[in-house]
Student: 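Here it is, the structure, as structure tokens.
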Amino acid sequence: MACSQWVSRLVVLGLVCVLGSGCAISRMETARQLEGGEVVFGGTADMPGALWLPRVGGSAMVGLGGGGDASIYAGTAILAHTVGLGARVYLGEGIIASVHGDLLFLPVVGFDGLEAPALVTINPRITSAATDDRPVYAGVQASVVNEWFLGQTGRTPFAHGFVVVGGVAGLDHLFPTGLGLQGELRMAVLSIEPTEPALDFFPYPQGSVGLYFRPSRAQRPSEAGPTEEYPPVREPAPRERPSEEPGWGEDEPDYDDSGVPLY
């Protein structure tokens with residue numbers, strides 16, 4: 001890679017970090033497969049962020065049935081904001097293929113003549129699916145990064161794009177309450193320039209931690225056992241004979257050998 005291209009890329013990533021977007025060009029979502037109509041809400045913190053602070057965001061996912069789901073995302077890091085859409089396909093019970101696209105925009109005016117920089121990332125990945133018995137997952141991921149610099153005073157707007165490829169690994173633990181705890185590490189190792197056939201070593205780590213809530217997996221009272229609000233069900237006690245009932249309390253007569261009662 002030419003020195004000028006390296007400088008351009010470092011300037012872009014540095015500007016994005018300093019102004020508040022965070023250099024996290026990808027994001028995390030639960031590695032579990034969803035049933036049709038099932039909804040999951042989540043919140044994440046992604047690093048590296050802006051001014052050493054993480055990018056924070058929230059997402060909602062819905063199972064589509066037939067082996068897939070869709071998601072929406074919104075995040076912010078001080079001055080910049082990110083919105084995105086995602087979709088996943090389940091390749092059997094153990095593999096998930098997904099892609100999500102995010103738009104990052106910096107509503108900054110007057111910074112060195114830069115009025116509206118924007119960055120779009122498209123992130124395809126294939127990973128194993130997390131389950132109750134196997135909460136650890138791993139796979140491969142790519143990030144197609146496109147940067148647009150618009151409205152520069154006295155300059156012509158320009159765009160620049162590149163692709164980074166690497167791996168991903170994480171832990172997705174779901175508690176009986178339906179609350180999930182997740183951590184993920186992503187490492188880009190190769191960079192591909194569209195104008196150059198060569199591959200370049202480009203180590204770039206990203207990390208995320210977060211929580212999500214899966215209402216359909218929240219343990220019901222009947223599954224959790226008896227509580228004060230839901231006491232155990234007891235069989236009704238047998239009805240006792242009232243004392244005023246005829247014959248109540250009288251001794252049974254004796255019988256002779258032939259079965260005749262003796263009074």
Side-chain angles (χ1 to χ4, degrees), residues 24-47 55 57-73 75 82 84-102 121-145 163-192 199 202-220 223-224:
I25 56 178
S26 182
R27 55 183 167 90
M28 181 180 69
E29 52 194 12
T30 178
R32 293 173 180 264
Q33 297 181 350
L34 308 183
E35 302 291 338
E38 188 177 9
V39 177
V40 173
F41 303 97
T44 60
D46 306 306
M47 288 293 290
R55 179 186 67 184
S59 64
M61 304 177 66
V62 59
L64 301 179
D69 58 61
S71 63
I72 58 174
Y73 172 86
T82 306
L85 299 173
R88 306 194 303 176
V89 176
Y90 308 150
L91 305 179
E93 296 182 357
I95 301 295
I96 299 176
S98 66
V99 61
H100 64 79
D102 297 314
T121 62
I122 299 174
N123 302 276
R125 67 156 64 179
I126 298 179
T127 68
S128 58
T131 64
D132 292 341
D133 298 329
R134 189 183 62 251
V136 176
Y137 62 95
V140 294
Q141 175 176 306
S143 294
V144 183
V145 183
V163 180
V164 292
V165 180
V168 55
L171 173 68
D172 187 333
H173 180 76
L174 183 63
F175 295 96
T177 58
L179 185 67
L181 174 65
Q182 191 176 1
E184 183 176 288
L185 176 64
R186 302 177 293 278
M187 173 64 78
V189 294
L190 294 176
S191 174
I192 306 171
L199 300 178
F202 186 65
Y204 184 66
Q206 302 175 74
S208 300
V209 293
L211 296 171
Y212 65 86
F213 180 55
R214 192 173 175 181
S216 65
R217 290 293 300 272
Q219 196 175 61
R220 295 170 176 81
E223 299 170 338

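Just so you know, these numbers come straight off a predicted model, no measurement behind them. The basis for the numbers below is simple: all heavy atoms, side chains too, and nothing from hydrogens, waters or symmetry mates.
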Student: Distance from Ile96 atom CD1 to Arg32 atom CZ, nearest 0.5 Å?
Tutor: 10.0 Å
Student: Do Asp46 and Gln206 have side-chain heavy atoms sitting under 4.5 Å apart?
Tutor: no
Student: Nearest 0.5 Å please: distance from the CG atom of Leu179 over to the CZ atom of Arg214.
Tutor: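 Here the interatomic distance stands at 12.5 Å.
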Student: Just how far is it from atom CG of Leu171 to atom CD of Gln182, taken to the nearest 0.5 Å?
Tutor: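 Going from CG on Leu171 over to CD on Gln182, the span is 8.0 Å.
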Student: Please name the pair of heavy atoms, one in Leu91 and one in Ala97, separated by the smallest distance, quoted to 0.1 Å.
Tutor: CD1-CB, 3.9 Å
Student: Is it true that, when you exclude Ile72 itself, more than 12 heavy atoms of the residues, nucleotides or ligands shown sit nearer than 6.0 Å to its CD1?
Tutor: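 Counting other residues, nucleotides and ligands, CD1 of Ile72 stays at 12 neighbours or fewer.
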Student: For Val165 and Val140, run side chain to side chain contact (heavy atoms under 4.5 Å, CB included): C-alpha distance rounded to whole Å, both residues' side-chain angles, the deciding distance at 0.1 Å, then the answer.
Tutor: CA-CA 8 Å; Val165 180; Val140 294; over 6 Å; no
Student: I need the minimum non-hydrogen distance between Phe213 and Thr177, along with the two atoms involved.
Tutor: CE1-O, 3.6 Å
Student: Return the CD to CG distance between Glu35 and Asp69, rounded to the nearest 0.5 Å.
Tutor: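 Glu35 CD to Asp69 CG: 11.5 Å, rounded to 0.5 Å.
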Student: Give me the atom names and distance for the closest heavy-atom approach of Arg27 to Gly86.
Tutor: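 Looking at all heavy atoms of both residues, the closest pair is NH2-N, 4.1 Å.
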Student: Tell me the closest heavy-atom pair linking Tyr73 and Asp102, and the distance in Å.
Tutor: CD2-OD1, 4.3 Å
Student: With side chain to side chain contact (heavy atoms under 4.5 Å, CB included) as the criterion, how do Leu174 and Thr30 come out once you've worked through the C-alpha distance, each side chain's angles and the decisive distance to 0.1 Å?
Tutor: CA-CA 10 Å; Leu174 183 63; Thr30 178; over 6 Å; no
Student: Ignoring hydrogens and geometry, is there a side-chain-to-backbone donor-acceptor pair from Glu93 to Ala129 under 3.5 Å?
Tutor: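 Judged by distance alone, no pair lies under 3.5 Å.
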Student: Is there a side-chain contact between Asn123 and Arg186 (heavy atoms, below 4.5 Å)?
Tutor: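 No, every pair of side-chain atoms sits at 4.5 Å or beyond.
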Student: Treating Tyr90 as the side-chain partner and Leu34 as the backbone partner, does any N or O pair qualify as donor plus acceptor under 3.5 Å?
Tutor: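 Yes; at least one donor-acceptor contact below 3.5 Å.
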Student: What are the two closest heavy atoms between Tyr137 and Arg125, and how far apart are they?
Tutor: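 That closest heavy-atom pairing would be CE1-NH1, 4.5 Å.
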Student: Compute whether any side-chain donor of one residue and acceptor of the other, for Gln141 and Ser26, lie under 3.5 angstrom apart.
Tutor: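 Yes - a donor-acceptor pair under 3.5 Å links their side chains.
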Student: Grab the two heavy atoms, one from Glu29 and one from Arg88, that are nearest each other, plus how far apart they are.
Tutor: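 The answer is OE2-CD, 3.6 Å.
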Student: Would you indicate whether the side-chain heavy atoms of Val164 and Ile25 approach each other to under 4.5 Å?
Tutor: yes
Student: Once rounded to the nearest 0.5 Å, what's the spacing between atom OG of Ser143 and atom CD1 of Ile122?
Tutor: 10.5 Å
